[in-house]
Amino acid sequence: MKKKDYIKIAFFTIIIMIASIGFFYLGTTQSWDIRVSDWLNQSETVTNKNIYIIGIDDKTLEKYGPVNTWSREIPAKLVETLNVDETVRPSVIAFDVIYSEHVDETADNHFADVCKKAGNVIAAMSFSFKEQPETQADGTVRYNPYHVEDVIAPYTRLQESVTCGFANTTIDADGCVRQAMAYIDHKGEPVYSLSFQAYKKYLESRGQEAVLPDTSGRNNSFYFSYSGKPGGYNMVSMADVLDGTVDAGIFRDAIVLVGAYAVGMQDAYPPAVSHNSQMYGVEIHANIIDALLEGRTQLPVSALPYSLTAGLLCGIFFMLVRKTKLIISSALLAFLVILDYILAKVLYTGGIVTPVILLPAVLALIYLVRLIEGYLTEIHRRRHVLNVFKQYVAPQVVDKISKDRDFELVLGGETRHVAVLFVDIRGFTAMSESLRPDEVVEILNEYLSLTTRSIFDNGGTLDKFVGDATMAVFNAPFDLEDYIFRAVCTAWDMQAGADAITDSFEQRFGKRVSFGIGINCGEAVVGNIGCDFRMDYTAIGDTVNTAARLESSAKQGQILISEPVYEAVKDRVGVTPIGKIPLKGKSNEVFVYQLDKVMK
């Protein structure tokens, strides 16, 4: 690999790393990526049957009226009903309702006393946040978007009688809920969330110790896996529990969450498990508790390690797609995309949220750039090939080259069976001495135009001009049908055209011009001969030498063909056998025919 390739790979890797880090710092994971992660990882089936929701639903509201008009005797009665028998009472009763104001002192005190006696009640509170600059220990100032500006807590008597936990919902930029806050630092002390308090109390009732999940960010949050879609948990109407329609014994040792379960109470959010639906806040708490119990919480992957890994992988992929064929690059891209999805799911199960489509998108971009680069390179290569060949190849051959995807213009050759034609002006040297240079050039140009046109009209390849001689090859660089006869027809056309220009030359310059032509066929090495920066497409070998010797032996206006040429076309030509003649450079004599007639 060349030095410039390493530079390109290093540069590209750095760009990917910077882009990946920026991707994280712009918001951990963008909504379009995390939504794919939701689809890949979120479950739709609730497996924990020990979490119940007592819903303040439409039936309850119809019977007892709006919640803000309720006497505290109603929630007090619910706590008493659920705890009526010590042997069947729930482990936890968590109210996702904030009882912050005094309504009726007697009822308020009664509710607080009932909760204190039960000992298994958790009441909700709420924080109000405001972004505010804070001075760090090192003297720097940072803005804290989770600075507590206000606290809405249960009234004092109730607060002293229960465990409190904040019920704030963490909503991502796309409006979905997929994160939860474990605790908030307030006045130097951690205040835990309603979900964590319920989880903690539930484990304590079983003699187990709660484990605070790993968190990140200024709000001490974590991702959690949903256990099901909206409506997945057991929900019973609060009205049915209070009037005894539902046996309170079903809540034995369970986690019971009490909260809004009616549209009018405006406590619903789009969950990560089902973006197009709404899930009530109390059911979101149920999912968070379930995730804590099952250990299905996650943190976002660290930006720098991910960026380094992604950048390295993209750099390697960039190098490979530049060196491999399209089908292999396509297969490699598909493999890496599938691998990315598998790893994203495995890491999510292990507690790490990684971008799912960021890396495939970048890999696809690299692949697309490679396709475009390959397409442009191919256009450039073909243009180069055509520019080279159009100078000495018939138009139909050039057209075929332009359509042949496998054609390569490389140094080297191949052995092909070809027909080779040489034509030369007889007496050109003597004629040049008696004419002005411009007259010589004019004669030569008309002669070369005739020979070139004749070659191209019959599909031959113009190999080269050597002074006043012209060399043509047939059946190279591509297969040419009936190529030996085409070579013979080319010679015949040249002779016919020579009669016309000879009369013209005699009138203008007082000189007659005639040709000598030789044709042979056989094996020859055909290809680009030369070096990397200068090459010629030509044919070499004994077949070519013999054709050249035939041309030099031909008299004015004579076309000589070798015996192999005659045998290939004898049914379509008229000839006069010349017999064996010695050729310069040949140890054996060659049988030669004079071409007299061509039947096209």
Side-chain angles (χ1 to χ4, degrees), residues 43 45-57 60 74-97 111-124 154 158 161-165 167 180 182 192-213 224-228 231-261 279-297:
S43 172
T45 304
V46 175
T47 57
N48 193 328
K49 302 301 182 181
N50 210 29
I51 299 177
Y52 286 85
I53 295 173
I54 296 180
I56 304 175
D57 57 357
T60 304
I74 294 176
K77 182 180 179 182
L78 178 65
V79 174
E80 289 178 325
T81 300
L82 295 175
N83 289 286
V84 68
D85 188 339
E86 283 289 328
T87 62
V88 295
R89 76 183 203 138
S91 297
V92 181
I93 304 172
F95 282 90
D96 186 21
V97 180
F111 180 40
D113 292 340
V114 168
C115 290
K116 185 175 184 178
K117 180 181 178 181
N120 59 354
V121 178
I122 299 172
L158 179 61
S161 304
V162 298
T163 300
C164 291
Y192 296 100
S193 67
L194 181 73
S195 302
F196 182 77
Q197 293 286 37
Y199 152 74
K200 183 172 180 289
K201 187 174 284 291
Y202 179 73
L203 289 185
E204 287 174 349
S205 69
R206 281 165 163 64
Q208 300 175 27
E209 184 177 350
V211 178
L212 187 69
F224 66 94
S225 299
Y226 279 81
S227 297
Y233 286 92
N234 296 314
M235 195 285 292
V236 294
S237 172
M238 184 174 176
D240 290 340
V241 177
L242 291 175
D243 64 15
T245 302
V246 173
D247 182 8
I250 66 171
F251 304 113
R252 178 181 179 178
D253 297 329
I255 298 173
V256 176
L257 302 173
V258 183
Y261 219 84
M279 179 178 283
Y280 293 111
V282 67
E283 195 167 10
I284 291 176
H285 287 301
N287 277 278
I288 296 171
I289 295 168
D290 207 345
L292 289 170
L293 289 170
E294 299 294 330
R296 291 183 287 110
T297 64

If the test is side chain to side chain donor-acceptor pair (under 3.5 Å), which one of D243, T245, T60 qualifies with S237? T60
Using side chain to side chain donor-acceptor pair (under 3.5 Å) as the criterion, list what pairs up with K200, not counting sequence neighbours. E204
Distance in Å, R296 CZ paired with N287 CG, rounded so as to fall on 0.5 Å steps: 8.0 Å
Please list, chain by chain and in numerical order, all residues satisfying side-chain contact (heavy atoms from CB on, under 4.5 Å) with K77, sequence neighbours excluded. T81, L242
Mind checking what makes side-chain contact (heavy atoms from CB on, under 4.5 Å) contact with V211, not counting sequence neighbours? Y199
L257 side chain near Y233 side chain, heavy-atom distance below 4.5 Å: no
Once you round to the nearest 0.5 Å, how far does CD1 of I250 lie from CG of L82? 9.5 Å
For A291 against S225, the heavy-atom pair lying closest together: CB-O, 3.7 Å
Heavy-atom distance under 4.5 Å between the side chains of C115 and L158, does that happen here? yes
Any donor-acceptor N/O pair, Q197 side chain to Y192 backbone, under 3.5 Å: no
Can you name the salt bridge (charged side-chain N to carboxylate O under 4.0 Å, His left out) partners of D57, sequence neighbours left out? none
Determine, step by step, whether Y202 and L293 satisfy the side-chain contact (heavy atoms from CB on, under 4.5 Å) criterion, reporting the C-alpha distance in whole Å, the side-chain angles of both residues, the deciding distance to 0.1 Å, and the verdict. CA-CA 9 Å; Y202 179 73; L293 289 170; 3.8 Å; yes
Taking all heavy atoms of V114 and all of A76, pick out the closest pair and write down the distance. CG1-O, 3.7 Å
Matching residue for V282 among V258, L194, V97, D96 - test: side chain to side chain contact (heavy atoms under 4.5 Å, CB included): D96
Who passes side-chain contact (heavy atoms from CB on, under 4.5 Å) against A254, sequence neighbours left out? N50, Y52
Mind checking salt bridge (charged side-chain N to carboxylate O under 4.0 Å, His left out) for E209 and listing every partner two or more places apart, or none if nothing turns up? none
Results of salt bridge (charged side-chain N to carboxylate O under 4.0 Å, His left out) for D253 - residues two or more places apart only: none
So, for P213 and A182, which heavy atoms are closest and what is the spacing to 0.1 Å? CG-CB, 4.4 Å
Could I get the full list of side chain to side chain donor-acceptor pair (under 3.5 Å) partners for N83, not counting sequence neighbours? R89, N120
Please enumerate all residues that pass side-chain contact (heavy atoms from CB on, under 4.5 Å) together with S193, with sequence neighbours excluded. F166, S195, F196
Under a 3.5 Å distance rule, please check whether S91 uses its side chain to pair with a backbone N or O of I255 as donor and acceptor. no
Shortest non-hydrogen pair, A123 vs V162, comes out as CB-CG2, 3.6 Å
In short, salt bridge (charged side-chain N to carboxylate O under 4.0 Å, His left out) pairs touching residues 279-289 with sequence neighbours left out are none
Paired with F111, the side chain to side chain contact (heavy atoms under 4.5 Å, CB included) test is passed by just one of L78, V79, V121, I74, namely V79
Would I284 and Y226 count as a side-chain contact (heavy atoms from CB on, under 4.5 Å) here? Give the steps. CA-CA 8 Å; I284 291 176; Y226 279 81; 4.3 Å; yes
Across all chains, not counting sequence neighbours, the side chain to side chain donor-acceptor pair (under 3.5 Å) partners of D247 are none
When every non-hydrogen atom of G249 is compared with those of V88, the smallest separation belongs to CA-CB, 4.2 Å
